[in-house]
Amino acid sequence: MAAEETPIVRLEDYRPTDYSIETVELDFRLAPEATEVRSRLRLAPRPGTPAGTPLALDGDGLVLKSLAMDGAALPAEAFAATPDRLTIHAPPARPFDLEVVTRLDPSANTTLMGLYISNGIYATQCEAEGFRRITYFLDRPDVLAVYTTRIEARADEAPVLLSNGNLVEAGAIPGTDRHFAVWHDPFPKPSYLFALVGGNLAAVHDRFRTMSGRDVRLAIYCEPGKEERCRYAMDALKRSMRWDEERFGREYDLDVFNIVAVSDFNMGAMENKGLNVFNDKYVLVDPETGTDQDYAGVETVIAHEYFHNWTGNRITCRDWFQLCLKEGLTVFRDQEFTSDMRSRPVKRIADVVALRQHQFPEDAGPLAHPPRPTTYREINNFYTATVYEKGAEICRMLQTVLGRHGFRAGMDLYFERHDGDAATIEDFIACFADATGTDLSQFSLWYHQAGTPTLHAEHAYDPDRQRLTLRLQQDLPETPDRRPKHAMHVPVAFGLVGPDGQDLSFRRAEGARVDDGIIHLTTGSAEITFDGVTARPVPSLLRGFSAPVRLRSDVSRDDRLFLIGHDPDPFSRWEAAQSIGLEFLRAGTAAVRAGRRPEFDGRFAEELGRLAANDELDPAFRALALMLPSEGDVAQAIGSDVDPDAIHEARLALQSAIGETIAEIVSEAAARNAPAPAYSPDAGQAGRRALAHAAWSLGIAGGLIGSEDMLSRYRDAGNLTDRLAALRLAAHHRLGCADEALSAFYEQYRGNALVLDKWLMVQATIPAHDTVDRVRNLMRHPAFSMKTPNRVYALLRSFATANPVGFNRADGAGFRLIADVIAEIDPHNPSVAARLATAFRSFAMLEPARRAAAQAALSDLSARPNLSRDVGDILLRTLEG
Ligand code: TRP
Ligand code: ZN
């Protein structure tokens, strides 16, 4: 079916099911090619359901073996079964049992949705609509049932058998080579949270005593031999459990909490009740095989999935339009956790970098949608940066608007009022409104309007009247839904920085509500006057990135240079540097295109040098401040007629100019702040390493570090983080030693797939036109496989999303490569193929030749027969936009 013809699911069509499912008893007989699933459902008509209303259960490619009601086989005329639906024509008007037997072939399941086998391990993935690939069911999040799961398998093939909840019984089946386990989950849950795992797994075990004194047994399962690599994840889990108690008063609720790491997984991890299943990339780390970034990633994802136990599982979503109810809130919670574990300002900057890299482009292109959409064709395509990252920003703004105390009161009410519910965004907002007596109707527009607002700011200071006048205006862009936009509530955290670098006080502010360092902009524009400002201030706006907007302010370059050195808010210091960098990069790009040499103001480099040399600042912060806006950021800022090669050249030129001025200063600062020789993944050490890598990068750009120097840094590296940084710089700057370092790295980590992913990624992101050919060659390398999402993401997604020069090659070779790959992956894994297809979302802003080449590649792809709904939906929206 062509994408245009797939039905559109609409929020307005929501209504509860006619039948509820009280209990589910599942019985799995695992076998690689013929697994039998017996499902006993206790169903009941909901009050008001007319007698004889048909019951339609969802399926997806199922084979029905038998069907019985209340213990008796159903006659053929009483039901209709297709692979995708099971309809009981006239069920009884009272509670009844239905027993459905299906037969599956997990070994043939390459989609990694439903029940599949990863490296010999049985695993399930049911969110969003994978449960219907296992058995016929009301496979939607507002049908909550209590599950009991019996699993039977050959003892040698699957010695470990896991499911949700607590283990109630296990043992051998006498006279056979088989054994079984029975799990019971007392908490009613939707089908998307069901999970089963079976296989030959090893584990690390630990325990956690909850705040009320209950003991919880913790285990992390992995392939035998990798147990030691689970230690850090276990530590992160215990810290997450403690943090959720302390910060949100949330206690864990089952006797066991299990995590399983599998190597074939479409996304990061999954929060199945009591049995989280993880992409092994987010579990397995040790000093030999994990970088600082990997450790941070493990900590974040472990926390994220754990936090879902309350925000997602105990309170789930009424329908998939409400996805950001659980995802945005849970991302916010994991961001807060990381801020408390590590450095708050550094975490905030990293999150804003990620938001600008992923969410802003999505919001500015054809795939833009509100955090709470109202229609979809394929729900898998809505696990987006907007739902996750912008959703988290909305929660953060809510906390900013209500204060930490008010936010906590709203959360407490949410848990109290909705525990056990399938809730909506409106329910969520109502808790904060009720708990604090605040009208949040305008605030909630953030959930319903797509597009990134632009915030314009102009200011004037009148020394005679000691008055600052600030004009703010919000502009809401048009988005693919073409809906008219209303002014939003934009919380603008600010300070008026005086000549000594301290915030100036003011007597009175008029023109908008101003309190506790926040201007509440609730109208399209506002003119705010601050009286009693005794010296000319530099406005520092949007401190801590208090709202996900693009700020266009008239604060002069001189004043922003001053803010880099003086703003009391570290985020704003960083942002001041970014904004100047971006200005230079835009002008530099225009110069390159006009055949001129880009020119830069040397004071910028000097200011960065002072910042880098300031040992009172966190090295991690300094490293971030030295990082120029990415090529993607520059493309976004230019917005149309984009030439990625010119951007790249301008950025290299700016890096050289900065490097020539301050490489030595930065390198001395890095030397003074060198980490202790013994590797530890903590944020302090990681920041010191990041500063050293910034020094290397500027050293190369400034001509201080050559190929030989880089090769010795590569060889001297005492840990993977340093080694990889050296490898990346050597490869990306095409130093003479690049090939030698690449082959040394390959030899050292041969056989370690997760580490070789980094090797693939470094090569895929070499900013050069011939990287297309290199990637095509690497697709035939034994370290690569089209069947494993981690490999595809490492080589192909990073090429398509993190290599603007390569992907956007003017002759279209990059586009064709990715289009070919999408066509190759789609038949076996539509989710992964659709994720790759989103790489085209910004094609319309390219200069005409590239735009035409991208369009041609997309049109060819969409003309192919039998595209999945996932890919078809992305292509349709991308081409329509
Ligand atoms: N709910 C998961 C999370 O964010 C992510 C998820 C959704 C997922 N659908 C998935 C993971 C499919 C793997 C496969 O925590
Ligand atoms: Zn999540």
Side-chain angles (χ1 to χ4, degrees), residues 1 5-7 9 13 16-21 23-31 33-43 53-69 73-91 96-116 122-145 147 149 189-196 272 319-320 376-380 827-831 866 868-870:
M1 186 159 31
E5 293 153 29
T6 55
V9 186
D13 293 340
T17 54
D18 296 316
Y19 295 86
S20 60
I21 303 178
T23 59
V24 183
E25 287 168 55
L26 295 167
D27 194 348
F28 287 81
R29 269 153 230 257
L30 295 179
E33 279 151 32
T35 289
E36 191 182 277
V37 185
R38 187 171 298 266
S39 163
R40 223 166 287 119
L41 308 178
R42 182 72 179 162
L43 288 137
T53 303
L55 167 68
L57 300 178
D58 305 300
D60 183 356
L62 290 175
V63 178
L64 179 66
K65 284 286 142 188
S66 71
L67 182 63
M69 187 183 287
L74 261 192
E77 64 277 13
F79 70 94
T82 71
D84 301 338
R85 187 155 299 273
L86 172 61
T87 309
I88 315 290
H89 299 312
F96 60 97
D97 283 346
L98 199 65
E99 190 180 85
V100 184
V101 179
T102 50
R103 169 85 55 87
L104 317 174
D105 181 355
S107 72
N109 181 358
T110 56
T111 64
L112 314 184
M113 298 294 291
L115 178 66
Y116 63 96
Y122 293 93
T124 56
Q125 171 56 42
C126 294
E127 188 177 5
E129 296 176 337
F131 194 71
R132 63 183 67 181
R133 298 171 55 83
I134 296 173
T135 185
Y136 293 102
F137 203 76
L138 293 173
D139 189 16
R140 41 187 277 176
D142 61 346
V143 174
L144 275 58
Y147 286 65
T149 305
K189 65 167 176 287
S191 49
Y192 83 85
L193 290 173
F194 169 79
L196 169 158
N272 318 297
D319 53 66
W320 291 120
Y376 61 78
R377 272 196 203 86
E378 170 53 62
I379 187 56
N380 268 329
H828 71 260
N829 192 330
S831 316
N866 304 323
S868 68
R869 183 161 62 177
D870 307 55

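It should be emphasised that the depicted structure is a prediction, and the values quoted were computed from it without experimental measurement.
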Check whether any side-chain heavy atom of [X] lies under 4.5 Å from a side-chain heavy atom of [Y], and answer yes or no.
{"X": "D58", "Y": "R85", "result": "yes"}
{"X": "P83", "Y": "L62", "result": "no"}
{"X": "I134", "Y": "T102", "result": "no"}
{"X": "L74", "Y": "M69", "result": "yes"}
{"X": "E378", "Y": "T6", "result": "no"}
{"X": "F137", "Y": "L57", "result": "no"}
{"X": "S191", "Y": "T135", "result": "no"}
{"X": "L67", "Y": "Y136", "result": "no"}

Hey, what do you get for [atom1] ([X]) to [atom2] ([Y]), rounding to the nearest 0.5 Å?
{"X": "I21", "Y": "L138", "atom1": "CD1", "atom2": "CG", "answer": "4.0 Å"}
{"X": "L43", "Y": "I88", "atom1": "CG", "atom2": "CD1", "answer": "8.5 Å"}
{"X": "D27", "Y": "R40", "atom1": "CG", "atom2": "CZ", "answer": "7.0 Å"}
{"X": "L41", "Y": "S20", "atom1": "CG", "atom2": "OG", "answer": "11.0 Å"}
{"X": "L55", "Y": "D18", "atom1": "CG", "atom2": "CG", "answer": "8.5 Å"}
{"X": "R140", "Y": "E129", "atom1": "CZ", "atom2": "CD", "answer": "10.5 Å"}

With sequence neighbours excluded, tell me which residues meet side-chain contact (heavy atoms from CB on, under 4.5 Å) with [X].
{"X": "A31", "answer": "none"}
{"X": "A123", "answer": "Y116, V262"}
{"X": "D319", "answer": "L11, Y14, F321, Q322"}
{"X": "S66", "answer": "V101"}

Problem set entry | F79 vs L64, side chain to side chain contact (heavy atoms under 4.5 Å, CB included): CA-CA, chis, key distance, verdict | CA-CA 12 Å; F79 70 94; L64 179 66; 3.9 Å; yes

Give the minimum heavy-atom separation between [X] and [Y], together with the two atoms involved.
{"X": "L26", "Y": "S39", "result": "CD2-CB, 3.7 Å"}
{"X": "L115", "Y": "T35", "result": "CD2-CG2, 3.9 Å"}
{"X": "P16", "Y": "D142", "result": "CA-OD2, 4.2 Å"}
{"X": "E127", "Y": "M113", "result": "O-CE, 3.0 Å"}
{"X": "L104", "Y": "P106", "result": "O-CD, 3.4 Å"}
{"X": "G130", "Y": "D139", "result": "N-OD2, 4.0 Å"}

Residues which pass side chain to side chain donor-acceptor pair (under 3.5 Å) with [X], listed by chain and number, not counting sequence neighbours:
{"X": "S107", "result": "D105"}
{"X": "R42", "result": "D97"}
{"X": "T111", "result": "N109, R133"}
{"X": "D84", "result": "none"}

Of all residues at least two apart in sequence or in a different chain, which pass the ring-ring contact (aromatic ring centres under 6.0 Å, His included) check with [X]?
{"X": "Y192", "result": "W320"}
{"X": "Y19", "result": "none"}
{"X": "Y122", "result": "none"}

Exercise. Which residues satisfy the salt bridge (charged side-chain N to carboxylate O under 4.0 Å, His left out) test with D870, sequence neighbours excluded?
Worked result: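 Residues passing salt bridge (charged side-chain N to carboxylate O under 4.0 Å, His left out) with D870: none at all.
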
For this session: Apply side chain to side chain contact (heavy atoms under 4.5 Å, CB included) to the pair T149 and F194, showing each step before the final yes or no.
Result: CA-CA 10 Å; T149 305; F194 169 79; 3.5 Å; yes

